[in-house]
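Residue numbering restarts at 1 for every chain, and letters A, B, ... go by the order of the sequence lines. Nothing here was measured: the structure is a model prediction, and the numbers come from that model.
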Number of protein chains: 2
Amino acid sequence: MSGEPAYPETVTTPQRVEADLGWALARVVRAHLRTAEAVLAELPGGPRGHQVLAAAREGRPSTQLALARKLGIDRTVMTYLIDELVGAGLVERRPDPADRRARQILLTGKGEERLCTAQRRLREAEEHLLDPLEPVERDQLRALLQKLACSTDPATPCEVAAAVQECAEH
Amino acid sequence: MSGEPAYPETVTTPQRVEADLGWALARVVRAHLRTAEAVLAELPGGPRGHQVLAAAREGRPSTQLALARKLGIDRTVMTYLIDELVGAGLVERRPDPADRRARQILLTGKGEERLCTAQRRLREAEEHLLDPLEPVERDQLRALLQKLACSTDPATPCEVAAAVQECAEH
DNA sequence: TATTGTTATACTCTATAACTATA
DNA sequence: TATAGTTATAGAGTATAACAATA
C-alpha cells in the first residue's frame with residue numbers, strides 16, 4: 001500500500017457522464033419506476049403501496065413510523081398511503097398493545113393476495129428491465145444493491161435536513 | 001434449457017422488502033443524492049448542474065435538448081438550469097451553426113475547473129458511500145449500473161406519458 | 001407542419017407546523 | 001418533555017400549454 005488511490009485511472013481521467021454513478025443510478029431508477037408504475041397501476045398507492053404491503057408482511061407487525069423509516073417515506077405521507085390501503089381493504093390499523101400511541105399495520109387476506117400477484121408481475125417486468133445484463137450479472141446487481149442498501153442510513157431527506165439544522169444550532 | 005425460470009427459489013418464496021429491487025434502488029439513490037447535494041452544495045444547479053457540465057464536456061457540443069434527453073431532465077427545466085450555469089459563467093450558449101433554432105452548450109474554462117474539483121470531491125464522497133462494499137464489488141456495481149443505464153430508454157417520465165397517450169389515440 | 005427554446009401557469013408532491021393522545 | 005399519528009397549509013418541484021423562431 002503506497003497510499004495512492006485504488007483507481008488512479010478513473011480519478012485522473014476526465015469522466016464522461018456515462019461513467020458517473022449518479023447518472024447511471026438516476027437512469028436505472030427512472031426506468032424501474034416507469035416499469036413499476038405501469039405494472040402496479042391498479043394497486044392503491046402504486047409502487048409505494050406495494051412496498052408498504054411487502055414491509056407489513058415481514059416478521060412482527062410494524063408501526064406506521066417503523067414502516068416509514070424502512071421505506072424512506074415521510075410519516076405524514078405514510079398516513080395518506082395507509083388510508084388508501086385501508087380503504088381498499090388490503091391492510092388494517094390496530095392499536096399497538098405495547099404503546100397506545102402507535103398503530104400496527106397488518107396485512108389482510110386480500111392484501112396478501114394482491115401482494116403476491118403484484119410481486120409476481122413485478123418480478124417478470126424487472127427481468128425484462130434487466131434484459132441487457134447476463135443472468136449472472138442480474139443476480140450480482142441485485143445482491144450488490146441489496147448489500148449496499150441494507151448498510152446505508154435509512155433516514156428520509158427531510159429527517160436528515162432537520163438533523164443537520166439541529167446539529168448546526170448546537 | 002427446460003423453459004423454467006432461472007431463479008425459482010426467489011420467485012416462489014415470499015419476498016422481504018430487503019430483497020426488493022425497487023426498495024434497494026430507492027434507498028441507494030437517496031443516499032447518493034444526499035451525498036451529492038452536500039458535496040455539490042456550492043455548485044449552481046447542484047447535482048444536476050454537475051451532470052450538465054459533465055455532459056457538456058463530452059465530444060462535440062450538445063444542444064440543450066440533447067443534454068436534456070441524456071440526463072433525463074425536462075427541456076423546460078433545462079432552460080432554468082442552463083440560465084443558472086450561464087449566470088455563474090460556467091457554460092456558454094452558442095447558436096448551433098447547423099440549426100439556428102438550437103443552442104449549443106459549451107463549457108468555459110471556469111466551468112471546466114469547477115467540474116474537475118466537483119468530480120474529485122464527488123468521487124471521494126462516493127467511495128465513502130460505497131464503503132460497505134469490497135473494492136472489487138464497488139467496481140462491479142459501477143460497471144453493472146453503467147451497462148444497464150446505457151441500454152435503457154433515456155426518455156423522461158413526461159415524454160413517456162405523452163408517447164403512451166399518443167399511442168392510445170391512434 | 002414539426003421542432004428548439006422560452007415563458008407563464010397549473011398541478012403534484014413534499015415539507016412544515018400545529019394539534020391530539022399517549023408515554 | 002418527548003413521541004406516534006393526524007391534519008391543514010405552504011412551498012418546491014414538475015408538467016402543461018402557449019408562444020416565437022426556425023426547419
Distance below 4.0 Å between R100(A) side-chain N/O and dT3(D) OP1 or OP2:
no

Once you round it to whole Å, what is the distance between [atom2] of [N] and [atom1] of [X]?
{"X": "K70(A)", "N": "dA4(D)", "atom1": "NZ", "atom2": "P", "result": "16 Å"}
{"X": "R34(B)", "N": "dA15(C)", "atom1": "CZ", "atom2": "P", "result": "12 Å"}
{"X": "I73(A)", "N": "dA15(C)", "atom1": "CD1", "atom2": "P", "result": "11 Å"}
{"X": "E92(A)", "N": "dG5(D)", "atom1": "CD", "atom2": "P", "result": "16 Å"}
{"X": "R94(A)", "N": "dG5(D)", "atom1": "CZ", "atom2": "C1'", "result": "17 Å"}
{"X": "E37(A)", "N": "dA15(D)", "atom1": "CD", "atom2": "P", "result": "11 Å"}
{"X": "L33(B)", "N": "dG13(D)", "atom1": "CG", "atom2": "C1'", "result": "13 Å"}
{"X": "D74(A)", "N": "dG13(D)", "atom1": "CG", "atom2": "C1'", "result": "16 Å"}

Donor-acceptor under 3.5 Å ([X] side chain, [Y] main chain):
{"X": "Q51(A)", "Y": "L71(A)", "value": "no"}
{"X": "R138(B)", "Y": "L130(B)", "value": "yes"}
{"X": "E18(A)", "Y": "Q146(B)", "value": "no"}
{"X": "W23(A)", "Y": "A149(B)", "value": "no"}

Reported [atom1]-to-[atom2] distance for the pair [X] and [Y], which is rounded to 0.5 angstrom:
{"X": "K147(A)", "Y": "L133(B)", "atom1": "NZ", "atom2": "CG", "result": "5.5 Å"}
{"X": "E124(B)", "Y": "L129(B)", "atom1": "CD", "atom2": "CG", "result": "13.5 Å"}
{"X": "R123(A)", "Y": "D20(B)", "atom1": "CZ", "atom2": "CG", "result": "9.0 Å"}
{"X": "L67(B)", "Y": "Q104(B)", "atom1": "CG", "atom2": "CD", "result": "10.5 Å"}

Nearest heavy-atom contact between G22(B) and E126(A) is N-OE2, 4.2 Å

Check every strand shown and say whether D99(A) touches a base, only sugar-phosphate, or nothing at a heavy-atom separation below 4.0 Å.
sugar-phosphate

Would you mind reading off the bend of the helix from dT1(C)-dA23(D) to dA23(C)-dT1(D) from its two end axes, five pairs each, to 10 degrees?
0°

Listed pairs, N/O of protein and of nucleotides 5-7 of chain C, under 3.5 Å:
| residue | atom | partner | partner atom | Å |
| --- | --- | --- | --- | --- |
| dG5(C) | OP1 | Q64(B) | N | 3.1 |
| dG5(C) | OP1 | R103(B) | N | 2.9 |
| dG5(C) | OP1 | R103(B) | O | 3.4 |
| dG5(C) | OP2 | L65(B) | N | 2.7 |
| dG5(C) | N7 | R75(B) | NH1 | 2.9 |
| dT6(C) | OP1 | R93(B) | NH1 | 2.9 |
| dT6(C) | OP2 | Q64(B) | OE1 | 3.0 |
| dT6(C) | OP2 | Q64(B) | NE2 | 2.7 |
| dT6(C) | OP2 | T79(B) | OG1 | 3.3 |
| dT6(C) | OP2 | R93(B) | NH1 | 3.1 |

